Amino acid sequence: MRNLTDEEYLLPGNAACPGCAAVMAMRIGLKVLGPRTILVIPACCMSVVQGHCPKTPSKVPIFNTAFAASAATASGIRAALEMKGIMDVNIVCWAGDGGTADIGIQSLSGAAERGDDLIYVCYDNEAYMNTGTQRSGSTPEGARTTTTITGKSEGKKDVPGIMIAHRIPYVATACTSYPLDFANKLRRAISMRGTRYIHLLSPCPPGWRYPTEKTVEVGKLAVESGAWILYEWAGGRCRLTGPSSGLAERSKRRPLEEYLRIQGRFAQADPSKIEGMKRRIDEEWERILALCKG
Amino acid sequence: MLGGPVSKATEGAGGLTGMWRIRRPEVDNSMCTKCHLCWLFCPEGVVRRGCKGEIWIVYEFCKGCGICAEVCAARAIRMVREV
Ligand SMILES: Cc1ncc(C[n+]2csc(CCOP(=O)(O)OP(=O)(O)O)c2C)c(N)n1
Ligand code: SF4
Ligand code: SF4
Ligand code: SF4
Ligand SMILES: [Mg+2]
């Protein structure tokens, strides 16, 4: 924690809901990235947080771009800075799961395939929250949204896996309840060149339906139950990080029910649904553990 | 220099967000172990740490989410109803 500056780059009094994990992580993220940073933000909750002229909470410049275009915008900014000989700036897309898993995936894939020099952070609150909680490709099975009122039947799209398939230098998952793990991953990403991707699970009190003070606990339960796996993939190697390192054995994980029960969005999930969700989580663990074995 | 409308970084860009609050966190520094987890996890960045490690809160913008009190293992932060 001593590595984190007391300087605030995201000033208090912004428009995020009380208890918002996404803004919690942006505050920490900007401390790590520092002032020589340009953020690219598409339509999402964070574009509301960024405020409108003449006021913004952000001390670093933000390029607010169209929903589908975050990574393409960042590629353009990088090209322009290179033309001007400015080489010491972090260019960072900060986009929601809707803007990443669904709408922005073509521009992200294009940038990754070209190897464009940018960091992409997807803060994943598992639905389109800014417009009132519609299902996204990143919504997990069983979660109620306004467009999946009996709970989503499909599973969560594996965006970090898609990014690994692009063979970019760095892919990591993180969770806002482990800010120091996230900060370390961001530091590693900053130390590299090329397209670097971090997928950050960000609990959301109104969308996930839990009391605002439980944001940290909900995120911890996601990880401790194994529903969300912390890992990083670099140079063709994968390794588990943080508490996930000790959870490879299923018996070490907390019961999934503890994670589900604390949130209203899973209230309708019956035991057979929960069994299905557990199977999906086990499969995900097998896939990640196989990746770690190489 | 840039012309036209350029936003300035300001506290309270989203208004006086302390007005949203229905409970306020109160710190008892005599119970505080100076772990600074409240500082780390406050989404708003309104928990401040002084040079002796003491903690205080900027109430103008604290939204009263209660996260600081939840992460405080020493129970040095209490949420007190305001309205
Ligand atoms: C092309 C386009 N379609 C729809 C919208 C409306 N819109 C704005 S934000 C948003 C939800 C974004 O969801 P996500 O990317 O997950 O971010 P979150 O709001 O959850 O932070 C939508 C649908 C838009 N701005 N542009
Ligand atoms: S809806 Fe969720 S993600 Fe969006 S600002 Fe509110 S708490 Fe944050
Ligand atoms: S979390 Fe509690 S003990 Fe730790 S610094 Fe804050 S008030 Fe003090
Ligand atoms: S109640 Fe929430 S906003 Fe207020 S100081 Fe605590 S964590 Fe920060
Ligand atoms: Mg979202």
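Here is the naming used below: chain letters follow the sequence lines, and residue numbers restart at 1 for every chain. Worth saying up front: this structure is predicted, and the values here are computed from it rather than measured.
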Subject >> From CZ (B/Arg49) to CE (A/Met1), nearest 0.5 Å >> reply: 7.0 Å

Original post:
Which atom pair, heavy atoms only, marks the closest approach of B/Gly45 to A/Pro12?
Top reply: O-CG, 4.0 Å

Original post:
Who in residues 30-42 of chain B is close to chain A, using a strict under-4.5 Å heavy-atom cut-off?
Top reply: B/Cys35, B/His36, B/Leu37, B/Trp39, B/Leu40, B/Phe41, B/Cys42

Subject >> Closest non-hydrogen atom pair, A/Thr56 against B/Ser7 >> reply: CG2-CB, 3.7 Å

Subject >> Interatomic spacing from CD in A/Glu8 to CD in B/Glu11 - rounded to 0.5 Å >> reply: 9.5 Å

Original post:
Considering residues, nucleotides and ligands other than A/Arg209, do more than 12 of their heavy atoms fall under 6.0 Å from its CZ?
Top reply: no

Original post:
Could you give the distance from NZ (B/Lys8) to OG (A/Ser58), rounded to the nearest 0.5 Å?
Top reply: 14.5 Å

Subject >> Shortest non-hydrogen separation from A/Gly19 to B/Pro43 and the atoms involved >> reply: CA-CG, 4.3 Å

**OP:** Against chain A, work out which of B/Val46, B/Thr10, B/Leu16, B/Val71 has the most heavy-atom pairs shorter than 4.5 Å and name it.
**Re:** B/Thr10

Subject >> Interface moiety of B/Glu70 toward chain A, non-hydrogen atoms closer than 4.5 Å >> reply: side chain

Subject >> Contact class of B/Arg21 relative to chain A, heavy atoms under 4.5 angstrom >> reply: neither

Subject >> Engaged part of A/Ala22 at the chain B interface, taking heavy atoms whose separation is under 4.5 Å >> reply: neither

Original post:
Is the CZ atom of A/Arg187 crowded by more than 12 outside heavy atoms at less than 6.0 Å?
Top reply: yes

Original post:
What part of A/Pro18 is in contact with chain B, defined as an atom under 4.5 angstrom from a non-hydrogen atom: side chain, backbone, both or neither?
Top reply: both

Original post:
Under a 4.5 Å cut-off applied to non-hydrogen side-chain atoms, are A/Asn14 and B/Lys63 in contact?
Top reply: yes

Subject >> chain B contact via A/Ile62 - which portion, at a heavy-atom distance below 4.5 Å >> reply: neither

**OP:** Side chain from CB out, backbone as N, CA, C, O: work out which of these in A/Cys20 comes under 4.5 Å of a heavy atom of chain B, or both, or neither.
**Re:** backbone

Subject >> Heavy atoms of other groups near B/Arg78 CZ, more than 12 under 6.0 Å >> reply: no

Original post:
How about residues 214-230 of chain A versus chain B: which residues have heavy atoms under 4.5 Å apart?
Top reply: A/Lys214, A/Thr215, A/Val216, A/Glu217

